[in-house]
Amino acid sequence: MGVIHKIGRRKCAVARVYLTEGTGKITVNKREFANYFPTPTLQYKVMQPLAMTENAENFDVKINVYGGGSTGQAEAVRMAIARAMCEVDAENRLVLKPEGLLTRDPRMVERKKFGQKKARKKFQFSKR
């Protein structure tokens, strides 16, 4: 099979995933998976495409991820793994597509405008 390389993005996070046949070992930025994503929610998001296609124990996954926060990184990794699962077997697409794992989420942080406190929040107006 060789190595399958796929990229996933979410907000400002970019994840590169290298999938090889193996025993289910996942490393993120040369660290252990559970160490890099400590909360169960983030671990679930990363494992979701592997669990849905029942391949959690069949592949080793090496991940390089940078940018954004922990949630954005986890969702970028999820998208990259889902894309790799589609390349492994075309039947996996029928499972992953309805769950929205192959769709790039276009939402980004709205920029802060000048003369305002935040993107939408204004400074308080006082009448004196």
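Fair warning: this is a prediction, and the values are worked out from it, not measured in the lab.
A distance of 5.5 Å separates CZ of Arg9 from CD1 of Ile7, quoted to the nearest 0.5 Å. Summarising the geometry, atom CD1 belonging to Ile4 is positioned 10.5 Å from atom SG belonging to Cys86; distances are rounded to the nearest 0.5 Å.
The side chain to side chain contact (heavy atoms under 4.5 Å, CB included) with Met85 is formed by just one residue from the set Leu101, Val95, Leu96; it is Leu96.
In terms of the side-chain hydrogen bond (donor to acceptor under 3.5 Å, both in side chains) criterion, Arg104 has no residue partners (sequence neighbours excluded). Considering only residues two or more places apart in sequence or on other chains, Ala34 meets the side chain to side chain contact (heavy atoms under 4.5 Å, CB included) condition with Glu32, Gln43. With sequence neighbours excluded, the residues satisfying side chain to side chain contact (heavy atoms under 4.5 Å, CB included) with Thr27 are Lys25, Lys62. Scanning for side-chain hydrogen bond (donor to acceptor under 3.5 Å, both in side chains) contacts around Asn55 gives Thr53, Asn58, with sequence neighbours left out.
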N/O donor to acceptor pairs below 3.5 angstrom from side-chain atoms of residues 13-24, sequence neighbours left out:
none

Determine all donor-acceptor pairs shorter than 3.5 Å in which one atom belongs to a side chain in residues 69-76; sequence neighbours excluded.
residue : atom : partner : partner atom : Å
Gln73   : OE1  : Tyr36   : OH           : 2.8
Gln73   : NE2  : Gly67   : O            : 3.1
Glu75   : OE1  : Arg10   : NE           : 2.7
Glu75   : OE2  : Lys45   : NZ           : 2.8

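Every pair passing salt bridge (Lys or Arg N to Asp or Glu O under 4.0 Å) that includes a residue from residues 77-96 is listed here, sequence neighbours excluded: Lys6-Glu87. Counting only residues at least two apart or on different chains, the side chain to side chain donor-acceptor pair (under 3.5 Å) pairs with a member in residues 111-121 are Glu110-Lys113, Glu110-Arg120. The list of ring pair (Phe, Tyr, Trp, His ring centres under 6.0 Å) pairs with a residue in residues 84-128, not counting sequence neighbours, is empty.
Taking hydrophobic clusters as Ile, Leu, Val, Met, Phe, Trp and Tyr residues chained together by side-chain heavy-atom distances below 4.5 Å, Phe33 shares a cluster with Phe59. Under the 4.5 Å side-chain heavy-atom criterion for grouping Ile, Leu, Val, Met, Phe, Trp and Tyr, Val65 is not connected to Met79 through any hydrophobic cluster.
Not one N or O on the side chain of Asp105 forms a donor-acceptor pair closer than 3.5 Å with the backbone of Lys11.
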*Test Val77 against Ile81 for side-chain contact (heavy atoms from CB on, under 4.5 Å), laying out the working first.*
CA-CA 6 Å; Val77 168; Ile81 292 174; 3.7 Å; yes

*Mind running side-chain contact (heavy atoms from CB on, under 4.5 Å) on Asn29 and Ile63 for me, showing each step along the way?*
CA-CA 6 Å; Asn29 291 352; Ile63 304 164; 5.7 Å; no

